[in-house]
Amino acid sequence: MDYKIEQLESVLLFKIDRPEKRNAINYEVMDGLKEALEQARTNDEIKVLVITGAGTQSFCSGGDLQAFHGLKSQSEAYEMLSKMGGILYDLSTLPKITVALINGTAIGGGCEIAAACDFRIARPNSKLGFIQGNLAITTGWGGGTLLYERLVPSQALLLLTTAGLYKTEELHDKGFIDHIVPGHTFNDVTNLLEPILLKNVHVLVAYKQILIEKWKRGDLQERIRLEILACSKLWEKPEHHEAVEGFLNSSSRKNTKS
């Protein structure tokens, strides 16, 4: 399978297991993430859901371009984007604490997943970026909307419009990365989260519910839907497909040389 789900005491660990694809998201990973969310939601033993990627190179490189490049029309794109956008809404409003353990590069949709989590823990010198603008689209899984909730709006706008790559340390200074840890093992996370893990699960759920209620009153779900719609409209334009073709061809040449 392209993912692994493992319960380690009061932590549920979800790992994208596609290191050869830089842990890119496909439909199987989407289904696995839905499964993990359901387990975390219904199991009172679980206090924290941790999401990470296999290996040491990539947390998540976003959507699998080869898998999704065949989606040409707005309606085709909207169906895929809505599926993952719904998952990220459920992730952001999960009544348990969520953590993105960023064990390597996180770009595009990988940063959207990170933005949907309550906390982001990353290795030093990792590169992260909302690079969707370089492919002539916007964030399309709700990550842009969630980023505006996590950061000062001007900082969020800067990250989205520059579509650049930033080092862990830079994003820590901007407030996106909460903690930097030299290692990226499960123990690194549990040690860091120990004060949270020692609390009663119902206390944690009650505090998370305050945030969820804030977002519901702020119409978070509808704002994410509008973000997805905007991305789907750009998706079908020739500029996007040309940019993806260029990226895939460039990646193919690099792989051939190596």
Side-chain angles (χ1 to χ4, degrees), residues 3-17 19 23 32-33 36-37 39-41 43-61 88 90-107 110-130 143 146-147 149-152 155-156 159 166-212:
Y3 64 89
K4 294 179 180 177
I5 302 175
E6 184 178 6
Q7 182 176 341
L8 302 164
E9 297 183 356
S10 59
V11 176
L12 190 67
L13 181 65
F14 178 82
K15 181 180 291 184
I16 306 168
D17 195 16
N23 294 321
L33 190 49
L37 289 171
Q39 288 187 31
R41 181 181 295 105
N43 187 344
D44 279 347
E45 293 181 359
I46 301 300
K47 297 180 179 180
V48 175
L49 170 65
V50 174
I51 299 174
T52 193
T56 59
Q57 299 301 312
S58 294
F59 167 69
C60 175
S61 59
L88 290 197
D90 290 342
L91 173 60
S92 63
T93 57
L94 184 74
K96 302 292 180 69
I97 303 301
T98 58
V99 176
L101 175 55
I102 302 170
N103 56 301
T105 301
I107 58 174
C111 278
E112 296 195 58
I113 293 172
C117 293
D118 297 317
F119 302 111
R120 285 151 294 282
I121 300 172
R123 292 172 58 193
N125 299 312
S126 295
K127 292 184 178 180
L128 304 89
F130 293 83
L146 290 163
L147 187 65
E149 294 288 335
R150 303 294 184 192
L151 299 183
V152 174
Q155 292 286 4
L159 296 184
Y166 296 85
K167 286 189 176 181
T168 303
E169 293 74 12
E170 294 176 275
L171 293 187
H172 181 264
D173 290 342
K174 294 181 184 298
F176 185 63
I177 298 299
D178 296 290
H179 300 284
I180 301 174
V181 292
H184 61 281
T185 66
F186 177 73
N187 286 337
D188 293 320
V189 178
T190 54
N191 290 338
L192 194 60
L193 297 177
E194 185 176 9
I196 292 175
L197 295 172
L198 289 173
K199 304 300 184 293
N200 180 278
V201 64
H202 301 295
V203 170
L204 300 176
V205 169
Y207 278 130
K208 181 67 180 284
Q209 196 62 43
I210 295 172
L211 177 60
I212 293 170

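Checked by atom type and distance alone, the side chain of Ser61 never pairs as donor or acceptor with a backbone atom of Ile107 at under 3.5 Å. With hydrogens and angles ignored, the 3.5 Å screen pairs no side-chain donor or acceptor of Lys47 with any backbone N or O of Val201. Checking side-chain atoms of Glu170 against main-chain N and O of Lys167 turns up a donor-acceptor pair under 3.5 Å. A donor-acceptor distance shorter than 3.5 angstrom exists from the side chain of Lys208 to the backbone of Lys96, with no hydrogens or angles considered. The backbone N or O of Ala54 sits nowhere less than 3.5 Å from a side-chain atom of Asp17 that would complete a donor-acceptor pair. Panel note: side chain Arg120, backbone Phe176; a donor-acceptor pair is recorded below 3.5 Å. A distance-only check finds a donor-acceptor pair linking the side chain of Thr168 to the backbone of Arg123 [under 3.5 Å].
Scanning all heavy atoms of the two residues, the minimum distance from Phe59 to Ala106 falls at CD2-CB, 3.7 Å. When every heavy atom of Ala115 is checked against every heavy atom of Gly143, the shortest pair comes out as CB-O, 4.1 Å. Heavy atoms only, all atoms of each residue included: Ala114 and Ala100 are closest at CA-CB, 3.9 Å. Across every non-hydrogen atom of Ile46 and Glu9, the tightest pair is CD1-O, 4.4 Å. Taking each heavy atom of Ile5 and Gly32 in turn, the nearest pair found is CD1-O, 3.7 Å. Taking all atoms of both residues into account, the shortest heavy-atom contact from Ala36 to Leu12 is O-CD2, 3.4 Å.
Using a 3.5 Å distance cut-off with no hydrogens or angles, the side chains of Glu45 and Gln7 do pair a donor with an acceptor. Side-chain N/O atoms of Ser58 and Asn23 include no donor and acceptor closer than 3.5 Å.
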Q: Give the C-alpha distance, both sets of side-chain angles, the deciding distance and a yes or no for side chain to side chain contact (heavy atoms under 4.5 Å, CB included) between Asn191 and Val181.
A: CA-CA 11 Å; Asn191 290 338; Val181 292; over 6 Å; no
Q: Evaluate side chain to side chain contact (heavy atoms under 4.5 Å, CB included) for Ile196 paired with Tyr207, printing each intermediate quantity in order.
A: CA-CA 12 Å; Ile196 292 175; Tyr207 278 130; over 6 Å; no
Q) Does the side chain to side chain contact (heavy atoms under 4.5 Å, CB included) test come out yes or no for Leu49 and Leu91, once each step is laid out? A) CA-CA 9 Å; Leu49 170 65; Leu91 173 60; 4.0 Å; yes
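Taken from NZ in Lys174 to CD in Glu169, the straight-line distance is 13.0 Å, to the nearest 0.5 Å. Atoms CD1 and CG, on Ile51 and Asn103 in that order, are 12.0 Å from each other to the nearest 0.5 Å. The SG atom of Cys111 sits 12.5 Å away from atom CG of Leu146, with the distance rounded to the nearest 0.5 Å. One distance of note links CG of Leu159 with CG of Leu147; it measures 5.5 Å at 0.5 Å rounding. Taking OG1 of Thr52 as the start and NZ of Lys4 as the end, the distance is 12.0 Å to the nearest 0.5 Å. Distance CG/Asp118 to CG/Leu211: 6.5 Å, rounded to 0.5 Å.
Val50 is not listed as a side-chain neighbour of Leu8, based on a closest heavy-atom distance of 4.5 Å or more. Between Val11 and Val99, the closest side-chain pair of non-hydrogen atoms is not below 4.5 Å.
Tyr3 and Phe14 have parallel rings, their planes meeting at less than 30° on a 0 to 90° scale where 60° marks the start of perpendicular.
The 12-atom threshold is not exceeded at CD of Gln57, counting heavy atoms of other residues, nucleotides or ligands nearer than 6.0 Å.
Among Ile97, Leu88, Thr98, the one residue that satisfies the side chain to side chain contact (heavy atoms under 4.5 Å, CB included) test with Cys117 is Thr98.
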